[in-house]
Each structure stands twice: as C-alpha cells, then as structure tokens.
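The structure under discussion appears below in the form of structure tokens.
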Amino acid sequence: MIHFSQSLTRLIGELKKLPGVGERTALRLAFHILKSPRLGKDLAESLLEVHAGVRFCSVCFGITEEDPCCICSGERDETVICVVEEPQDLLAVERSGAFSGRYHVLHGALSPLSGVMPADLKIAELLRRLEGSSIREIVLATNFSVEGEATALYLGGLIKPLGIKVTRLARGMPIGGDLEYVDSATVQKALEGRNEL
Amino acid sequence: MKLDTIQIRSFRNIREAELSFSDRFNIIVGKNAQGKTNLLESIFLLGTMKSFRMGRNGDLITYGSTSSLIKGRGFRGSVSREIALSIMESGKKAFIDGKPVVRPSDFFGNLNMVVFSPEDIAMVRGLPEVRRRYLDRAVFSGDTGYLSIHHEYCRTLKNRNALLKLGERDGLDAWTERLADTGARLMVKRESFTDEICGLLGEFYRRIAGAGEEALIRYRSRADTPDRSVAALARSLRDTLEKRIPEELRRGTTLTGPHRDDLECLLNNRPLSHHASQGEQRSFVLALKMAEIEYLKRRWGNPPLLLLDDMTSELDRDRNGNFMRFLREKDMQVFITTTGLDNIHLSGIRNYSTFPVHDGRVFTEVAHV
C-alpha cells in the first residue's frame with residue numbers, strides 16, 4: 001500500500017477489520033467515504049452512538065437503548081416467552097410478525113466442547129423470570145444445530161417440572177420451496193413430522 | 001454413471017496423467033510402489049471426496065506442489081458430466097460441470113463405487129472399529145442422508161465426552177438424550193442396511209462355497225429391545241447410558257452407543273474370526289462385496305464402479321475366477337490394480353484396457369475389443 005495519506009491508510013485498515021471486508025472493498029469504501037463528507041460525519045457519529053447508547057435489556061437480554069426494552073415494557077402477551085440464542089434470532093422471529101409474546105436471549109448455546117456451560121448463558125436469569133410469574137408457555141427457538149438442540153432439551157428439563165408448557169419450533173419444508181432443491185436431511189425431517197391433511 | 005476419462009495433476013506421485021477408460025475392465029499394472037493405488041485412489045476421491053487411506057489433505061498433494069486437481073468425465077444418461085476436485089492443504093473443493101458444489105449432498109451419488117482391498121479381508125479378523133468404518137462407508141454409499149446423521153452423532157458424542165471429562169453432571173441429561181436419539185437413528189439405518197444385505201450375502205456365499213453353508217452378518221448393539229423402531233431404540237440406549245453414568249464420569253468417556261457397536265460375521269452360526277479357515281474368511285468377504293454391489297445396483301438403478309486393489313494376491317484361482325464371472329455378468333465398470341496381467345482371470349473378457357504404471361507415469365495400451 002502506497003502511503004499517500006496517513007489518515008486514509010488508517011481508515012482502510014480499520015474497515016478491513018470488519019467481517020466480510022477485504023483489501024479491495026475497504027479501499028472502495030474508504031474512497032466513497034472520502035468523497036462524501038456528510039456520510040463520513042454521520043457514520044462517525046453513529047459509530048460512537050452505538051456503543052454509548054445500546055445495551056442489553058435487563059429482563060430479556062435483547063438489544064435496547066432503554067431498559068427494560070420496548071418489548072418487555074410494551075403491551076405484549078406476558079404469558080408466553082420465546083427463547084432464542086442470539087439477539088439476531090429475536091429480530092428474525094419478530095420480523096415474522098407471528099409472535100406476540102415476549103423474549104429471552106440466551107447469548108449462546110450449550111457447548112461443552114467449546115467450554116460453554118449453563119452458567120455462561122442467561123439461563124439462571126430465565127428461571128428467575130419464571131418464578132411466581134403468570135407465564136404459561138415457553139417457546140424454545142434455539143437453532144437446529146447439535147448445540148441448539150441440546151440447549152433446548154436442557155431448558156425443557158428445567159422448565160417442565162415447574163408446570164409450564166414447553167414447546168419447540170417445528171422444522172421442515174421452507175415456504176415456497178421446491179421439493180427438488182431441499183436437502184435430503186430436511187426432507188427426512190419433514191417426512192418424520194408430517195401432518196394429516 | 002461410468003467414468004470415461006480422468007485428468008490428474010500433482011496427485012501423490014502422479015504429476016500429470018490423462019486417461020480414457022474402458023466402460024468395462026481397466027487393468028492398472030505395475031511393480032510395487034509405482035503409483036497403481038494412487039490412480040485408484042484418485043478415482044475413489046472423485047466419487048466420495050474422501051480417500052480410502054488414512055491421512056491429511058497435504059499427503060495427497062505431490063511434494064513441491066501447492067494443490068492437486070482430479071477431473072473426471074462421464075455420462076449420466078445422455079448428458080455428459082464433469083466432476084472436478086481440487087485439493088489444497090486447507091481443504092477440498094468440488095465442482096460439477098465447472099460450478100462449485102455448495103452442499104456435499106449434491107456431490108454424492110454421482111459416481112457410486114465399491115472398493116475391495118486386502119484390508120477388507122482383514123476386516124473379519126480385525127477390531128470392531130474396522131468393521132464399523134466398513135459399515136459406515138457401505139451404508140452411506142446407499143443412503144447419502146446417513147452422512148448428516150453420522151456427523152450429528154459424532155458432534156454430540158464429542159460434546160458429551162467433554163462434559164464427562166470435566167466430571168460435570170449439569171447438562172449431562174440433555175446430552176444423553178440427544179445422543180440416544182441421534183444414536184438410535186444411526187442404528188436403524190445401519191440395521192436396515194445389514195438386514196437387506198444379509199440375504200444377498202447368504203445367496204452369494206452359497207454360490208461360492210456350495211449349498212448347505214450359511215453366511216450371516218448381524219448388527220450387534222447393546223440395545224436389545226425386540227422393537228427396533230427409532231423411539232424404542234432411543235429409549236433402550238438412554239436407559240443403558242443412564243445406568244453407566246457413574247462409570248462414565250470416572251472414565252471420562254461415553255461407554256455405550258453406536259460408536260461401540262459391531263458387525264458380527266457368522267458362518268454356520270459361529271463367529272467367522274475364530275471358527276473359519278482363511279479360505280472361508282476370504283470367500284465370506286468376497287460374497288459380502290458381491291452383496292454390496294448388488295445392493296447398490298438395486299438402490300441406484302445401475303451398478304457402482306468397482307475398485308479392486310491388488311486382490312489377486314488375496315484370492316486363489318478358484319475364487320478369482322468365480323468373482324470375475326460375477327463381474328462379467330454385471331454391466332459394471334471395473335478398475336483393477338495388479339503386479340502382473342497373468343494374475344487376472346481374463347478368459348472370456350474381451351473389453352478391457354491396460355494401464356501400465358511406472359514411477360508415477362501412467363501409460364495406455366490399446367483397448368482390446
């Protein structure tokens with residue numbers, strides 16, 4: 001890299017640290033920012049703001065600016081909680097518009113192989129939320145990976161004895177999906193979980 | 001699909017080769033350590049992405065090169081298809097008709113193959129681990145969905161073992177249940193394969209050894225419930241696992257499950273490893289391979305490619321002739337390595353090509369018609 005400008009080199013260097021951004025993309029982004037001073041200023045401000053303003057909700061551990069978050073303090077069904085692994089997963093369920101209850105973000109999944117144990121997740125916090133509450137149902141929406149499934153089972157084992165209904169997201173064919181393009185493991189699962197018409 | 005041509009670059013001791021194969025018999029001939037098995041291995045990789053030998057990717061690449069390339073061409077029905085595999089130290093990349101393969105399941109099933117090597121003969125006498133490896137490969141070649149269940153099982157097992165090693169009970173029940181569930185699905189697939197192939201095995205063995213001889217294989221697991229459904233097996237496996245948890249915590253590893261199961265080989269109701277002669281053991285494995293070929297033919301509609309690695313030294317004249325007759329009857333593409341053409345029973349075989357191998361270079365001799 002030619003050292004035409006110290007500050008430009010620094011910007012390129014910082015951009016390159018972002019996931020999915022390589023040398024060429026970083027260069028393109030840096031020149032784009034250089035050419036539009038307004039964008040640069042807005043971007044810089046928003047970057048500072050995001051760390052100052054955003055934190056985790058003390059109830060559900062989702063991303064928020066106010067504590068508790070708008071979902072936890074809003075007019076939502078208080079009797080159902082959907083448990084997800086990461087804040088992004090919360091957004092995915094929320095985007096579907098099909099869920100009107102509240103959430104709980106675990107911030108990970110059990111993985112003894114990588115040293116993630118129950119105490120490393122927001123599990124104790126979830127159980128505290130259930131104590132003496134009006135919650136009737138827990139929807140387990142952890143990922144369908146080996147770790148996500150084990151986490152769901154673990155939570156089920158803790159919550160069921162409390163007399164609360166525990167459900168798990170169904171899995172199977174994607175909507176609008178052509179059968180021929182779906183991988184065989186998914187077809188197998190969809191067959192196992194088939195419903196009567 | 002049959003393999004019409006192959007192009008190899010920087011694979012083990014083969015620097016460069018471009019070959020056209022016969023659609024029936026291909027005989028790879030040469031002295032030891034010249035590269036015969038390397039050629040066979042490159043064909044196997046095109047079908048499975050894996051080697052039938054142990055080792056890392058780096059071992060596959062010619063010393064001094066950074067990557068290997070294997071490219072095969074064949075016909076699927078009337079459509080030509082090119083399968084390419086590029087091997088780097090960091091991993092393998094597969095391409096079908098020039099397009100990168102995203103899902104491994106798209107790759108498998110194009111070139112189905114069965115390998116028969118001296119190791120298979122050793123299988124009946126070897127450790128259970130060797131038989132499990134055979135079983136996994138055989139089940140997978142007829143059921144590509146097996147791979148994902150196998151991966152899932154191994155990952156669950158590793159997690160559970162990590163927990164046991166820490167002596168941690170919290171969370172163990174969840175991993176036990178997951179292991180039992182995935183394990184049961186694995187077992188059902190292994191059992192259904194074993195059941196199906198067992199009948200064929202008996203038939204082929206009688207053909208080799210004569211009527212009145214009864215060859216059997218049986219999947220042996222700790223879950224001995226009469227009900228062999230996934231749910232029942234999972235329950236049984238979980239019960240066994242739970243009973244042994246104190247011992248497992250002490251030893252820091254999972255002691256029951258399909259990773260400990262075995263494939264039992266029986267001749268006239270007696271274990272093959274102790275009660276059969278070497279000749280009987282060889283006939284048994286030969287019949288097992290024939291059964292596997294027949295099974296795959298039924299499963300996929302056409303027979304798999306057969307890779308025979310130096311079998312002539314293992315099979316005597318009678319068995320050799322018997323096997324070649326079986327192969328002649330099937331419309332199979334066969335690849336055979338041998339140290340000398342005289343070792344192979346070529347009588348009655350008209351359509352074959354010979355590929356002499358010398359110091360990593362492969363030559364072609366005129367196809368006989």
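All values reported here derive from a predicted model rather than from experimental measurement. Order of the sequence lines fixes the chain letters, A, B, ..., with proteins taken first and strands second; residue numbering starts at 1 for each chain.
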Part of B:Ser148 lying under 4.5 Å from any heavy atom of chain A
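Just the side chain, heavy atoms under 4.5 Å.
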Report which part of B:Leu166 has an atom under 4.5 Å of a heavy atom belonging to chain A: side chain, backbone, both, or neither.
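Side chain only.
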Spatial distance of atom NZ (B:Lys158) from atom OG (A:Ser114) [nearest 0.5 Å]
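That separation rounds to 11.0 Å.
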Any residue meeting side-chain contact (heavy atoms from CB on, under 4.5 Å) with B:Pro303, in chain and number order, not counting sequence neighbours
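B:Pro303 satisfies side-chain contact (heavy atoms from CB on, under 4.5 Å) with B:Lys297, B:Met332 only.
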Closest non-hydrogen atom pair between [X] and [Y], with its separation:
X: A:Leu110; Y: B:Trp175; result: O-CZ2, 3.7 Å
X: B:Ala174; Y: A:Ala150; result: CB-O, 3.5 Å
X: B:Asn159; Y: A:Leu113; result: OD1-N, 2.9 Å

Does atom [atom1] of [X] have more than 12 heavy-atom neighbours from other groups under 6.0 Å away?
X: A:Glu66; atom1: CD; result: no
X: A:Arg171; atom1: CZ; result: yes
X: B:Arg155; atom1: CZ; result: no
X: B:Lys93; atom1: NZ; result: no

Residues of residues 179-200 of chain B near chain A, each having a heavy atom less than 4.5 Å away:
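Listed by number, the contacting residues are B:Arg185, B:Lys189.
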